Amino acid sequence: MADLNGIFDSAVRNSIFQNKEIIQSNYIPEAIPHRDKQIEQIASIMAPVLRGEKCSNLFIYGKTGTGKTLSIQHISTELKKKAKEIGADVRIEYINCKLKKVADTEYRILAALIELLGEQVAETGLPTVQVYNKFLNLIDTKKQIVVIIFDEIDQVVQKIGTDFIYSLIRLNSELSKAQISLIGISNDVTFLDDIDPRVKSSLSEEEIVFPPYNALQLQDILNTRTKMAFKKESIEKGVIEKCAAFAAREHGDARRALDLLRVAGELAEREGKTKVDLSYIDKANQKIERDKILDIVETGTRQFQLILHSIVQLTKRVEKEKVKNKEIDRFYTGDVYNLYQEVCKETRTEPLTQRRVSDIISELDMLGLIRFDVISKGRHGRTREIALVISGNLIDKVEKILKDSLGVD
DNA sequence: AGGTATTCACATGAAACTATTCTCTGAGTTAGG
DNA sequence: TAACTCAGAGAATAGTTTCATGTGAATACCTGT
């Protein structure tokens with residue numbers, strides 16, 4: 001019999017957290033430290049809407065976890081408040097293009113926008129033009145300024161091209177009463193480089209960059225949040241510094257730093273400790289990685305899993321060879337495809353074409369499960385040299401999940 | 001020896017196809033008056 | 001006669017196939033010494 005009582009007791013005692021919400025990733029703090037300059041800039045760019053004028057289109061860059069979304073949300077709530085106060089007709093709508101269900105096609109973005117404006121549209125089945133017109137009519141009902149914020153706009157453009165943005169920009173000429181301003185947020189700094197110059201110039205009438213936080217700033221952010229989120233004295237010296245250093249190394253991602261701290265706290269709590277010490281940061285880091293990978297592996301499609309399985313098997317094979325005659329040999333796309341075909345036969349699955357497998361390998365790379373380099377072996381052609389990123393005991397776990405799910409041995 | 005041309009084994013791109021999901025429409029059916 | 005049902009048409013999407021083109025360097029092939 002497990003000691004449930006003990007578990008429950010320690011949960012009730014809740015020895016570490018004071019207010020956990022505060023370090024959860026969806027928490028919106030009232031103060032955003034080290035971003036005053038950017039916030040001021042954005043605010044002054046957007047301010048004209050209060051006078052009923054269209055504000056310049058704005059483009060915001062910055063890596064993940066640099067406070068872009070937070071800042072813009074903060075500003076828009078303040079702006080809305082002010083607008084209400086003085087009775088200006090302003091609508092500010094925020095759309096996150098990354099959330100898959102919300103918007104990753106032109107159609108869905110329009111649908112999401114319409115929904116934000118308080119109307120319904122069918123999820124699919126209508127011609128895009130119709131949805132477009134509906135959106136137009138909805139906005140043009142009265143004289144107003146509409147500001148649309150596209151978070152992670154690079155995702156959309158990558159998927160559906162720049163035409164969409166272009167037509168949104170051009171929309172203004174079709175509107176008789178209302179006016180639209182666009183705000184694009186991207187974490188890909190090179191995003192603007194290779195898009196249609198017409199779109200580029202009109203989208204980025206103004207540009208603001210959010211630089212990554214450095215370790216000191218991260219420490220500061222962590223400190224303020226920690227004071228509210230954790231009980232006094234529950235964080236050992238050096239923990240925050242280490243957390244900040246970790247995150248600073250990963251391009252100054254504050255969200256990541258906070259996650260790290262929270263998970264560390266949770267781990268410590270689960271073990272019934274009253275203090276978070278340095279070792280928990282490492283453990284938390286591992287756990288976050290681990291959970292992410294396991295989640296991807298479990299939820300991947302069957303074909304995905306088949307290919308990953310092939311790669312795992314090849315990796316093991318290569319490891320073995322290495323031990324035997326210390327030939328450091330790598331494996332390539334062709335190897336993966338051959339083994340994959342065998343596995344397909346074994347599991348009675350229709351194999352995909354090499355073309356598709358090649359794409360899936362790229363996707364696995366993007367997800368961070370594998371890594372490859374495109375190399376040329378001269379006379380023996382050009383291919384990708386593939387290696388699994390997953391290490392140690394996690395491999396076994398992944399292998400097991402794959403085997404269970406695929407029904408192979 | 002040194003320079004060029006080939007050639008391999010895929011990478012990378014674009015377009016077209018397929019299965020599925022969803023709406024809308026209008027004909028046919030039903031139930032109630 | 002109004003309300004309901006249900007099949008078919010049309011649209012969008014994700015996942016894939018088909019066809020086409022690109023590519024870096026080891027190797028084969030020359031060339032002149």
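What you are looking at is a predicted structure, and each value in this text was computed from that prediction instead of being measured. Numbered from 1 within each chain, the chains take letters A, B, ... in sequence-line order. Values below: every heavy atom of this structure, side chains too, minus hydrogens, waters and symmetry copies.
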Any side-chain donor-acceptor pair under 3.5 Å between N285(A) and R290(A)?
-> no
If only side-chain N and O atoms of R384(A) are considered, is one of them under 4.0 Å from the OP1 or OP2 phosphate oxygen of dA11(B)?
-> yes
Taking the side chain as every heavy atom from C-beta outward, state whether K68(A) and Y61(A) have any pair of such atoms under 4.5 Å apart.
-> no
Whole-Å gap separating P (dG15(C)) and CD (Q354(A)) | 21 Å
Name the one of D151(A), I45(A), I75(A), L58(A) that satisfies side-chain contact (heavy atoms from CB on, under 4.5 Å) with I183(A)?
-> L58(A)
Euclidean distance, atom OH of residue Y337(A) to atom P of dA11(B) [Å, nearest integer] = 12 Å
Whole-Å distance between dC8(B) P and Y332(A) OH?
-> 18 Å
Distance in angstrom units between R379(A) CZ and dC10(B) P, rounded = 15 Å
Please state whether the phosphate of dT23(C), meaning OP1 or OP2, lies under 4.0 angstrom from any side-chain nitrogen or oxygen of S376(A).
-> no
Regarding Y340(A) and Q303(A), is there a side-chain donor-to-acceptor distance under 3.5 Å anywhere?
-> yes
Atom-to-atom span, NZ of K377(A) to C1' of dT23(C) - whole angstrom = 15 Å
Is a donor on one side and an acceptor on the other found under 3.5 Å between the side chain of Q354(A) and the backbone of Y337(A)?
-> no
Whole angstrom is fine here: how far is it from NE2 in H380(A) over to C1' in dA25(C)?
-> 11 Å
Compare side-chain N and O positions of S358(A) against OP1 and OP2 of dA11(B) and report whether any pair is under 4.0 Å apart.
-> yes
Cation-pi, F304(A) ring and R302(A) (6.0 angstrom, 45 degrees) = no
Between C1' of dC10(B) and CD1 of I386(A), the distance in whole Å | 11 Å
Going by atom types only, do Q41(A) and E206(A) share a side-chain donor-acceptor pair under 3.5 Å?
-> no
Ignoring hydrogens and angles, does a donor from either the side chain of R382(A) or the base of dT23(C) sit under 3.5 Å from an acceptor on the other?
-> yes
How does protein reach along nucleotides 14-20 of chain B, written 5' to 3' as B (base within reach of a heavy atom under 4.0 Å), S (only sugar-phosphate), or - (no contact)?
-> -------
Can you tell me the distance, in whole Å, between the CG atom of D373(A) and the C1' atom of dA25(C)?
-> 16 Å
Under-4.0 Å side-chain N/O to phosphate OP1/OP2 contact, R356(A) with dT16(C) = yes
